[in-house]
Amino acid sequence: MMTVLAILMGPLPIMWSSGTGSDVMRRIAAPMVGGMITSTIHVLILVPVFFVLMKERALRRGPLHLQKEDE
C-alpha cells in the first residue's frame, strides 16, 4: 500500500496544475493513476478471492494426481 500511495502522490501536482502544457501532462498522468488504482484492487481483492476459490475447488476434488508418460 505504501508503494501504491507513493506512486499515486507523484502525479497529483500534475493533475492539479494549470500552467502551460498541463493539459498534455494530465492526459499522460491520468492513465497511470487509473492503472495503479485498478492494479491495487486486483492485487488486494481479486487475487485472494481467486486463490480461495481455487483452493476450495482443489480440496473438494482431493489430491492432484499427475499422469506420468510411459517411456
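- Minimum heavy-atom separation, M32 to P11: CE-CG, 3.4 Å.
- V47 and M1 fall into different hydrophobic clusters, defined by Ile, Leu, Val, Met, Phe, Trp and Tyr side-chain heavy atoms under 4.5 Å apart, directly or through other members.
- Rounding to the nearest 0.5 Å places CG of L8 at 10.5 Å from OG1 of T3.
- Grouping the Ile, Leu, Val, Met, Phe, Trp and Tyr side chains by contacts below 4.5 angstrom, directly or via other members, places L44 apart from V52.
- Under a 4.5 Å side-chain heavy-atom cut-off, the cluster of Ile, Leu, Val, Met, Phe, Trp and Tyr residues that includes I14 is completed by V24, M25, I28.
- There is no path of hydrophobic side-chain contacts, each under 4.5 Å, that joins L5 to I41.
- In this structure, S22 and G19 approach most closely via the heavy-atom pair OG-O, 2.9 Å.
- The distance from the CE atom of M36 to the OG1 atom of T40 is 5.0 Å, given to the nearest 0.5 Å.
- Looking at R26, its side chain does come within 3.5 Å of a backbone N or O of S17 through a donor-acceptor pair.
- Listed by chain and number, the hydrophobic cluster partners of W16 are M9, L12, where partners are ILVMFWY side chains within reach of under 4.5 Å, directly or through others.
- Proximity of T38 to H42: side-chain heavy atoms (C-beta onward) are nowhere separated by under 4.5 Å.
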